[in-house]
Amino acid sequence: MLPLLLLSLLSKSAALNLTVSSSGGNTSSTLQYGLLFEDIYHSGDGGLYGEMIRNRAFQGSSVDGVVSLDRTTDFWTEVGGVTLSVDTETTPLSSSLPAQLRMEVPEDTTTAVGFYNDGFWGFDVDASQRYIASMYVYGNYTGDVTCYFYSTTSDTILGSTTISLDQTESDGWVQTYSPTFYPTTTASNANNTFYFVFEDGAQLAGESLYFNVLSVFKQTYNNRANGLRTDMAEAVAALGTKYIRLPGGNNMEGLYAPYYWKWNETLGSLTERPGRPGTWGDYNTDGFGLIEMMLMADDMGLEVILGVWAGLYLDGTVVAEADLQPYVDSVMDELEFLLGDSSTTYGAQREALGYGAFTINYIEIGNEDYLNGGTTSYDDYRFTAFYDAIHATYPDISLISTINPSPVTTDGSPVDLHLYGDADYFVTLFNAFDQASRSYPVFVNEYAATNTGSNSASQIGAQTLSMACAEAVFLLGCERNSDVVVGSAYGALIKNYNEAPDTVAVIKQTASEVLYSMSFYVQQLFAANMGSSTLPVTATDGELAPVYWSATTNTSHTILKLVNYDGETGADSAVSVTLEGSSADTATLISFSAPEADSINNLAALGGETSSVTTTALQGEAGVFTVEFSSAYEILILVA
Ligand SMILES: *[C@@H]1O[C@H](CO)[C@@H](O)[C@H](O)[C@H]1NC(C)=O
Ligand SMILES: *[C@@H]1O[C@H](CO)[C@@H](O)[C@H](O)[C@H]1NC(C)=O
Ligand SMILES: *[C@@H]1O[C@H](CO)[C@@H](O)[C@H](O)[C@H]1NC(C)=O
Ligand SMILES: *[C@@H]1O[C@H](CO)[C@@H](O)[C@H](O)[C@H]1NC(C)=O
Ligand SMILES: *[C@@H]1O[C@H](CO)[C@@H](O)[C@H](O)[C@H]1NC(C)=O
Ligand SMILES: *[C@@H]1O[C@H](CO)[C@@H](O)[C@H](O)[C@H]1NC(C)=O
């Protein structure tokens with residue numbers, strides 16, 4: 001018994017003892033904590049973007065995750081014996097949407113006819129929410145079109161609305177909207193389809209009708225037209241971050257020529273948006289275009305880091321120096337569109353669409369331009385071509401290099417580092433920026449621990465508690481160096497659970513659910529508890545690892561973050577915290593943890609959330625507090 005007693009006495013005196021200075025730190029970036037948005041695995045179409053119909057305009061397709069320009073009737077199924085096909089013979093709706101759905105009705109038809117859509121892995125049907133359906137039609141039909149949700153689980157109609165059509169071919173293409181409607185029943189799951197049914201099938205016997213931009217929206221975030229899926233937007237806003245980088249990411253770059261993300265083809269009427277083959281295996285409708293992204297940033301109070309394409313396609317094709325000018329001009333046009341007043345060509349175009357000027361203080365020139373042999377051309381001419389043109393007209397915009405060091409070495413030229421690796425690697429990054437030059441601000445505009453320290457084979461499906469804690473250790477390092485590390489953003493922000501269950505994201509969605517990962521809560525807590533300057537922390541007893549720390553102050557409060565990474569728990573291993581110059585007797589202690597190192601947050605039916613955040617009041621004395629971990633992997637935030 002004696003040795004055990006001795007041991008516990010010894011460990012008491014050997015525990016970590018931290019003193020947080022009351023001054024002597026550096027001013028922190030006001031942008032600490034950000035987001036990367038790009039359409040990856042249905043984070044735009046079928047994700048944030050509110051459109052519920054999949055393949056609404058027959059723009060392209062994806063089979064087995066390979067994007068193609070093939071126009072198909074995928075995700076559509078006929079009703080009443082009609083034949084559905086993609087037609088390119090009839091007068092098209094627009095030059096941007098040259099293909100339409102043809103519904104051929106057999107001669108002997110006497111019953112209702114039509115088709116239904118599968119949605120993006122189903123539809124969310126919620127009786128408390130308002131919906132609206134719409135479509136463009138070409139042809140002859142006078143009568144009712146019943147539009148309704150159908151549950152394939154209960155084999156029942158869950159709510160419907162009626163469009164009354166009265167048109168002939170001579171009217172050309174006509175867009176019609178349904179009255180808004182509330183479903184009569186909330187679906188028990190996402191296994192629902194959406195029908196368009198022409199009640200007077202006999203009238204159509206032997207004829208064809210043509211369709212394009214078939215659409216269903218549920219009421220959107222902030223009730224914007226062509227807006228965002230509410231639960232998804234609320235999840236993004238709830239992260240409480242300061243900036244968003246858009247529109248990418250590898251998706252901006254394009255797989256091959258000429259399909260980089262073109263700002264001018266994502267604007268205005270949906271009929272004028274051709275879409276493009278996305279980088280991540282599916283065709284992008286571009287319904288969630290430049291304006292929609294900028295409005296989202298405005299609605300959420302986010303500073304925008306505008307990504308502009310810098311002449312590198314992902315297949316390694318690089319635009320030659322002699323051919324680069326039109327792409328530079330296009331970026332200047334985009335900036336005039338976003339920032340110019342109505343006396344400018346593109347500013348006037350924006351005004352005509354009904355929007356005032358936006359604000360851009362940061363532009364990232366390209367994305368990962370070191371990929372596939374891009375480095376030399378980026379260093380030699382690509383970066384400077386864009387930099388010089390933008391800087392000459394907009395000297396106050398900060399221009400970020402995607403390669404470190406930046407080809408432009410003027411003090412203050414920022415770089416964006418992308419960091420991926422296993423959990424143990426993220427823990428080693430705690431010190432990564434301590435010796436960094438203070439002359440070149442750093443963004444980490446993509447990072448993620450993609451597997452646990454013991455499993456570096458491949459990405460795992462969801463972030464475990466230990467992975468999230470490893471990311472937290474890395475973020476402590478960013479915070480401690482927040483005079484030079486401007487901010488960080490996890491890659492990817494959103495992935496559709498049905499499509500990408502096996503790779504990491506902050507948020508994953510099904511048609512009817514939003515899954516908040518462990519990393520979500522880490523970022524949310526860190527963003528909500530960030531001061532305006534750092535504070536020096538000294539360990540008078542004990543040392544770094546397995547407990548890691550960072551302190552900041554927001555002038556009225558000291559915020560100390562502690563991360564236990566496979567460490568001890570309980571009173572014997574408590575951390576003694578002395579807040580220099582403080583007489584506080586109470587503090588707020590926020591804890592984030594989960595039962596096991598490999599606990600994950602999952603969809604409700606698969607176990608739900610295992611992580612929890614608790615907030616308690618902690619008693620101390622004259623600025624001295626004893627902080628105990630209750631879990632080997634845990635984040636504690638002390639605010640006093
Ligand atoms: C922690 O360190 C401070 C400063 O050296 C000292 O005054 C205090 O007694 C120590 N606390 C514990 C619990 O060891
Ligand atoms: C402040 O920044 C300097 C580098 O300029 C660094 O050496 C120092 O550790 C920082 N102080 C704190 C408290 O982070
Ligand atoms: C519409 O009706 C007119 C007159 O009967 C006919 O000529 C035309 O082919 C019909 N259009 C379609 C698309 O079936
Ligand atoms: C929904 O449909 C899918 C695919 O048909 C099926 O695997 C799943 O079990 C269904 N879910 C429910 C809750 O009915
Ligand atoms: C958009 O801009 C690109 C680059 O300047 C140009 O090639 C393309 O034709 C433009 N698209 C439209 C619809 O004007
Ligand atoms: C500082 O943080 C505390 C605790 O989160 C908060 O109550 C207070 O309003 C913040 N003060 C400032 C100036 O931001």
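All ligand and atom numbering here is 1-based and tracks the order in the structure.
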Exercise. Hey, is the main chain of Tyr355 close enough, under 3.5 Å, to the side chain of Arg350 for a donor-acceptor pair?
Worked result: yes

Problem set entry | Heavy-atom donor-acceptor pair, Thr109 side chain to Thr111 backbone, under 3.5 Å | no

For this session: Determine, stepwise, if the pair Asn250 / Thr279 fulfils side chain to side chain donor-acceptor pair (under 3.5 Å).
Result: CA-CA 7 Å; Asn250 296 135; Thr279 292; over 6 Å; no

Exercise. Should the ring pair Tyr195 and Tyr148 be called parallel, tilted or perpendicular, given that the plane angle runs from 0 to 90° and is split at 30 and 60?
Worked result: parallel

For this session: Would you check the N or O atoms of Asn264, main chain and side chain alike, for any that come under 3.5 Å of an N or O of ligand 5?
Result: yes

Exercise. Are Trp263 and Asp333 close enough that some pair of their side-chain heavy atoms sits under 4.5 Å apart?
Worked result: yes

For this session: Indicate yes or no: at least one non-hydrogen side-chain atom of Trp76 is less than 4.5 angstrom from one of Phe211.
Result: no

For this session: Please determine, by modelled atom types, if Thr230 and Lys218 share a side-chain donor-acceptor pair under 3.5 angstrom.
Result: no

Report each N/O pair between ligand 3 and the protein that falls under 3.5 Å, naming both atoms.
residue  : atom   : partner : partner atom : Å
ligand 3 : 2 (O)  : Asn140  : OD1          : 3.3
ligand 3 : 2 (O)  : Asn140  : ND2          : 2.3
ligand 3 : 9 (O)  : Glu169  : OE1          : 3.4
ligand 3 : 11 (N) : Asn140  : ND2          : 3.0
ligand 3 : 11 (N) : Glu169  : OE1          : 2.5
ligand 3 : 14 (O) : Glu207  : OE1          : 2.8

Exercise. For Asp369, does its backbone N or O pair with a side-chain atom of Thr402 as donor and acceptor, under 3.5 Å?
Worked result: yes

Exercise. Which atoms of ligand 5 sit under 4.0 Å from any heavy atom of Tyr260?
Worked result: 4 (C)

Exercise. Among all residues two or more places apart in sequence or in another chain, which pass the side chain to side chain contact (heavy atoms under 4.5 Å, CB included) test with Gln175?
Worked result: Ser134, Tyr136, Tyr177

Exercise. At the 4.0 Å heavy-atom cut-off, does Trp309 count as touching ligand 5?
Worked result: no

For this session: May I ask you to list the atoms of ligand 4 that are less than 4.0 angstrom from any heavy atom of Thr153?
Result: 14 (O)

Exercise. Just which atoms of ligand 4 are under 4.0 Å from any heavy atom in Asn189?
Worked result: 12 (C), 13 (C), 14 (O)

Exercise. Taking distance alone, with no angle check, do Glu265 and ligand 5 share an N/O pair under 3.5 Å?
Worked result: yes

